[in-house]
Amino acid sequence: MEYSLLCHSLYALWSSPVKKKLVVLGIMFLVWVYMLYSCVGHCSTMPSVVVGKETGTAVSRRTESGGADLVSRLLAKPQPWEDVESDYEEPSVRTAASRDLLNNEADRLEDWEEEMRAGEQRAPDPSALSSFSNGSGSKKLPQAIIIGVKKGGTRALLEFLRVHPDIRAVGAEPHFFDRNYDNGLEWYRELMPKTLEGQITMEKTPSYFVTREAPARISAMSRDTKLIVVVRDPVTRAISDYTQTLSKKPDIPSFESLTFKNRTTGLIDTSWSAIQIGIYAKHLDNWLQYFPMDQILFVSGERLISDPAGELGRVQDFLGLKRIITDKHFYFNQTKGFPCLKKAEGSSKPHCLGKTKGRTHPNIDPEVVQRLRDFYRPFNMKFYQMTGHHFGWD
């Protein structure tokens, strides 16, 4: 009897067109909720390929922290540039801050363009993605950092090092120890690629070398961190720095007018970052308060062009790695004027750095160049003495 009444009720409910639609919509809603729940649960454990900001290298990353963390990163505002504190007098009219703002904006644009270009040229390593997506490996804080210098050849060095199977490096410059330190070490760790046992995690941010707080902060993370500094003739480096800014801001003042506080007296404006970065001895003194010299390797930017395998050999020895990167990995590009990789990381194609590297420098008054050489000479001599290495800039 009860069964009969139940069947009759269901029939009456189903026979009504309105109620029939409500039942169908209810079933569809339940199916949609179930599918959404299943999709979210599945996608949250899928490895995602993220294209970095600085070289565009595809990095397999598991988004275990969920979508909220990703959204917060995408919406995060860039941190303001922390300029180098200077021991020199600030100019009264043309301030260092205004000129360095131009440099900083050009840096960020160039970093972004280089990342996008590298991402287009290099495909992710299938074996690496397969290994990491299966859960092997873990994210570690970097054991080695390329800390400088800007326009010295840091991008070339990082790209060359990534050929080594025991080096895993984040592509984008994290700027953790100068701009993003308040985000904390866990935020920093999450930026790193996964590594297997025996592999070294690396990053490069050239502005660390001239950031006063960076040595203490890196030492607080790990006193065993190995530091690499790519240095270059400071006069050539300053002109290259200016050339980069000029390519983004064609209306900036001339190199000569920015170089001098007073052209008549020949007094160099050391508050301009393009000049100040090249006073290597001053910056190195700050680092030696926290790290011994045997934990810092100085790479010659000039020899990185003329003998890349030789310089890479020194770097591999410094990192305690087998010398795998050799002459066979390079060929000299006559058009660009510097070496390129025969095969980049995760690719079977030759790879050269983008068009933002190797720009033609503007013509600078020889008298200005000579005045700069005279200015840098005592600082260079001090730097040679501190490092025990003569770089041949004088």
- Message: Would Phe379 and Trp393 count as a ring-ring contact (aromatic ring centres under 6.0 Å, His included) here? Give the steps.
- Response: CA-CA 11 Å; Phe379 295 108; Trp393 299 323; over 10 Å; no
- Check against salt bridge (charged side-chain N to carboxylate O under 4.0 Å, His left out), Arg373 and Asp233: CA-CA 9 Å; Arg373 294 207 176 281; Asp233 180 342; 2.9 Å; yes
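Contacts of Asp365 classified as side chain to side chain donor-acceptor pair (under 3.5 Å), with partners at least two apart in sequence or in another chain: Arg263. Remark: Lys140 pairs with Ser138, Thr195 by the side chain to side chain donor-acceptor pair (under 3.5 Å) rule, at least two apart or across chains. For Tyr181, the ring-ring contact (aromatic ring centres under 6.0 Å, His included) partners two or more places apart in sequence, or in a different chain, are Phe176. With sequence neighbours left out, the ring-ring contact (aromatic ring centres under 6.0 Å, His included) criterion links Tyr208 to Phe177. Partners of Tyr290 under the side chain to side chain donor-acceptor pair (under 3.5 Å) rule, at least two apart in sequence or in another chain, do not exist in this structure. Every residue two or more places apart in sequence or in another chain that forms a salt bridge (charged side-chain N to carboxylate O under 4.0 Å, His left out) with Asp394 is listed here: Arg377. Under the side chain to side chain donor-acceptor pair (under 3.5 Å) criterion, Gln370 pairs with Asp374, not counting sequence neighbours. Shown here are the side chain to side chain contact (heavy atoms under 4.5 Å, CB included) partners of Ile324, two or more places apart in sequence or in another chain: His164, Pro165, Gln316, Lys322. Residues satisfying the salt bridge (charged side-chain N to carboxylate O under 4.0 Å, His left out) test with Arg232, not counting sequence neighbours, are none.
For CG of Asp182, the number of neighbouring non-hydrogen atoms (other residues, nucleotides, ligands) closer than 6.0 Å is 12 at most.
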Please tabulate, one pair per line, all N/O donor-acceptor pairs under 3.5 Å involving side-chain atoms of residues 218-229, not counting sequence neighbours.
from	atom 1	to	atom 2	distance (Å)
Ser222	OG	Asp224	N	3.2
Thr225	OG1	Ser222	O	2.9
Lys226	NZ	Phe318	O	2.7

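Within the structure, salt bridge (charged side-chain N to carboxylate O under 4.0 Å, His left out) pairs that include any residue of residues 305-317 comprise Arg303-Glu311, Glu311-Arg314, Asp317-Arg323 (at least two apart or interchain). Contacts classified as salt bridge (charged side-chain N to carboxylate O under 4.0 Å, His left out) and involving residues 382-391 (residues at least two apart or in different chains) are not found.
Between Phe209 and Trp287, the ring planes lie parallel to each other; the angle is under 30°, not in the 30° to 60° tilted range.
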